[in-house]
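Okay, so here's the structure we're looking at.
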Amino acid sequence: MAYDLVKQTHPGAPTVIGARVVERLSGRLGTVAPARAGLAGIGVQFDGRFGVVDCQPERIRYAAPPPAASQTWSAR
């Protein structure tokens with residue numbers, strides 16, 4: 001996984017690639033981008049902006065409830 005270190009140090013941080021997020025201070029909406037070399041936090045592509053912004057996990061939250069893991073087994 002690309003954001004394993006962020007998940008370990010900040011449980012509950014929005015690390016699902018493609019998830020919609022909101023910046024806490026400004027309210028800007030964006031999408032979590034794939035990890036890149038040189039990012040210290042989470043890469044976010046904000047709507048209407050060019051390029052990926054390096055955001056600290058404390059600065060962003062999910063725009064909707066976080067995605068739940070799908071059930072991979074069936075009890076019959």
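On a predicted model such as this, the values are computed, not experimentally measured, just so you know.
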- request: Would you check if the side chain of Y3 reaches a backbone N or O of G43 as a donor-acceptor pair within less than 3.5 Å?
  value: yes
query: Just by distance, do the side chain of Q56 and the backbone of I60 share a donor-acceptor pair under 3.5 Å?
result: no
- request: Report the C-alpha distance between S26 and F46 in whole Å, list the side-chain angles of each, state the deciding distance to 0.1 Å, and finish with yes or no for side-chain contact (heavy atoms from CB on, under 4.5 Å).
  value: CA-CA 11 Å; S26 68; F46 287 107; 5.9 Å; no
task: State, to 0.1 Å, how close I42 and A13 come at their nearest heavy-atom pair, and which atoms those are.
output: CD1-CB, 4.3 Å
query: If you take all heavy atoms of V6 and P57, which pair is closest and at what distance?
result: CG1-CG, 3.7 Å
- request: Could you go through the side-chain contact (heavy atoms from CB on, under 4.5 Å) check for R49 and V44 one step at a time?
  value: CA-CA 10 Å; R49 301 285 182 171; V44 178; over 6 Å; no
message: Grouping I, L, V, M, F, W and Y whenever their side-chain heavy atoms are under 4.5 Å apart, do V32 and V52 come out in a common cluster?
response: no
query: Heavy-atom distance under 4.5 Å between the side chains of V21 and R61, does that happen here?
result: no
Distance in Å, E58 CD paired with R24 CZ, rounded so as to fall on 0.5 Å steps: 9.0 Å
message: So, taking the atom named OG1 in T15 and the one named CG in L5, what distance separates them when rounded to the nearest 0.5 Å?
response: 11.5 Å
message: Can you list, by chain and residue number, the hydrophobic cluster partners of L29 when the side-chain cut-off is 4.5 Å?
response: V22
field: R59 and D54 ion-paired at < 4.0 Å
entry: no
